[in-house]
Amino acid sequence: MPDRETTITNFESTMAYYQEFAKDELGLEQSTIDNHKSAITTFLNYSKGIINKDIVKAYLDSNESDSWKTNQLKALRRYLRDFLGLGNWINEFHFSKPKAKIKNIPNDQKIAEFINLLPYKIQLVFLVMYNSGLRINEVLSLRLSNIDFESGMINASELHKKKTKSSWISFVTNQTAKLLDYYCLSGEFESDDDAKLFSMSSRSVQEVFKKTSEEIDI
């Protein structure tokens with residue numbers, strides 16, 4: 001498409017239409033859409049609704065934070081190129097390369113110490129995350145029917161319905177599979193294929209992880 005410029009006069013209206021477009025056409029999750037709307041509104045206020053290459057460059061140069069520029073560019077590409085159809089000139093602005101960060105990974109002894117301090121159910125959540133690589137929300141969405149206890153296989157293919165995220169098959173160790181099987185038979189869990197294994201929020205799990213990490217300084 002040819003490169004174009006434009007001026008937006010009604011910020012509220014364009015944000016409402018962009019939200020519909022991002023949800024229906026781009027298949028973005030609401031949290032991503034909300035982040036985009038915040039970034040785009042900030043840009044429109046800066047540019048007073050005038051959109052062209054020079055103003056976008058000046059806007060991105062107004063903040064030295066690489067992470068800020070990256071987040072702004074993600075939103076502006078969707079809005080200027082995909083929604084407004086102004087052409088591909090926004091692609092000339094590139095994402096900053098992330099700086100490598102060295103992480104100090106806890107050793108097995110520290111991890112065992114961490115697990116032993118967790119409440120029983122959150123121990124199981126951590127072990128599934130640790131073995132399988134699934135995110136907290138994915139583990140908390142698991143149902144009895146998603147797990148094959150004999151093989152330790154987890155079918156996570158139904159956890160995401162959006163276009164921008166997907167999960168497939170993962171595994172836990174035999175030890176973790178046995179612990180989960182015992183948990184399901186112990187009366188702690190309502191034995192129903194459609195029932196979620198863990199009835200807790202991701203925030204509550206994260207708070208326990210943080211508190212326990214601080215206690216043993218990892």
Side-chain angles (χ1 to χ4, degrees), residues 1-101 129 133-143 156-168 194 196 198-207 209-210:
M1 62 184 76
D3 291 346
R4 297 191 300 110
E5 301 176 358
T6 192
T7 299
I8 302 297
T9 57
N10 190 326
F11 296 178
E12 185 176 340
S13 177
T14 192
M15 285 296 92
Y17 283 122
Y18 174 74
Q19 172 157 306
E20 292 181 13
F21 177 83
K23 180 179 179 180
D24 298 337
E25 299 298 327
L26 300 180
L28 300 181
E29 295 186 359
Q30 188 59 49
S31 59
T32 301
I33 295 173
D34 290 340
N35 289 335
H36 283 189
K37 287 170 62 180
S38 175
I40 294 164
T41 299
T42 302
F43 166 72
L44 291 175
N45 286 327
Y46 174 91
S47 71
K48 296 180 173 55
I50 301 170
I51 302 175
N52 58 48
K53 190 183 299 185
D54 291 337
I55 287 179
V56 170
K57 183 180 185 306
Y59 175 66
L60 294 174
D61 288 343
S62 68
N63 192 309
E64 295 182 357
S65 168
D66 289 340
S67 61
W68 178 85
K69 291 180 181 180
T70 297
N71 290 331
Q72 296 298 311
L73 262 178
K74 288 178 181 178
L76 290 176
R77 283 184 176 181
R78 290 299 197 181
Y79 179 67
L80 304 184
R81 180 192 61 199
D82 301 337
F83 175 64
L84 295 179
L86 299 184
N88 292 318
W89 55 263
I90 187 65
N91 294 345
E92 297 175 15
F93 299 93
H94 300 291
F95 296 118
S96 300
K97 293 182 180 179
K99 298 176 182 178
K101 294 183 180 179
M129 291 175 61
L134 294 176
R135 304 173 182 89
I136 290 180
N137 285 331
E138 292 169 337
V139 173
L140 297 181
S141 297
L142 290 174
R143 302 177 187 276
S157 60
E158 296 299 318
L159 297 184
H160 294 297
K161 300 297 184 182
K162 299 291 184 180
K163 297 178 182 178
T164 56
K165 275 187 182 177
S166 61
S167 300
W168 193 235
D194 289 328
K196 289 186 178 181
F198 306 106
S199 56
M200 60 186 76
S201 69
S202 60
R203 181 178 291 265
S204 64
V205 175
Q206 289 169 331
E207 287 177 350
F209 284 172
K210 181 180 179 182

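Only this structure's heavy atoms are used, side chains among them; waters, hydrogens and symmetry mates stay out. Everything numeric in this text was worked out from a predicted model, so none of it was measured.
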query: Out of curiosity, F93 CZ to K69 NZ, how far, rounded to the nearest 0.5 Å?
result: 11.0 Å

- line: Here the gap from H94 atom NE2 to L73 atom CG, rounded to the nearest 0.5 Å, amounts to 9.5 Å

field: By side-chain hydrogen bond (donor to acceptor under 3.5 Å, both in side chains) - contacts of S204 (at least two apart)
entry: S201

- prompt: Quick one: are L44 and I51 in side-chain contact, heavy atoms under 4.5 Å?
  reply: yes

- prompt: S47: what forms a side-chain hydrogen bond (donor to acceptor under 3.5 Å, both in side chains) with it, not counting sequence neighbours?
  reply: none

task: Drop me the distance from T42's OG1 to L76's CG, to the nearest 0.5 angstrom.
output: 10.0 Å

- request: Take the angle between the ring planes of Y46 and Y59 and call it parallel below 30°, perpendicular above 60°, tilted in between.
  value: tilted

query: Could you give the distance from OG1 (T14) to CD1 (I8), rounded to the nearest 0.5 Å?
result: 4.5 Å

Euclidean distance, S202 OG relative to N137 CG, rounded to 0.5 Å: 4.0 Å

Contacts table for residues 15-22: side-chain donor-acceptor under 3.5 angstrom, sequence neighbours left out:
{"residue": "Y18", "atom": "OH", "partner": "H36", "partner atom": "ND1", "Å": "2.9"}
{"residue": "Q19", "atom": "OE1", "partner": "K37", "partner atom": "NZ", "Å": "2.8"}

- request: Just jot down the salt bridge (Lys or Arg N to Asp or Glu O under 4.0 Å) partners of D82, sequence neighbours excluded, or say none.
  value: R78

Results of side-chain hydrogen bond (donor to acceptor under 3.5 Å, both in side chains) for E92 - residues two or more places apart only: K53

message: With rounding to the nearest 0.5 angstrom, report the CD1 to CE distance, I136 to M200.
response: 11.0 Å

query: Which residues satisfy the side-chain hydrogen bond (donor to acceptor under 3.5 Å, both in side chains) test with N91, sequence neighbours excluded?
result: R81

- prompt: Would you say the side chain of W89 lies within less than 4.5 Å of the side chain of V56, judging by non-hydrogen atoms?
  reply: yes

message: Has R4 got a side-chain atom pairing as donor or acceptor with G87's backbone, closer than 3.5 angstrom?
response: no

Minimum heavy-atom distance F11-N45, with the two atoms named: CE1-OD1, 3.4 Å

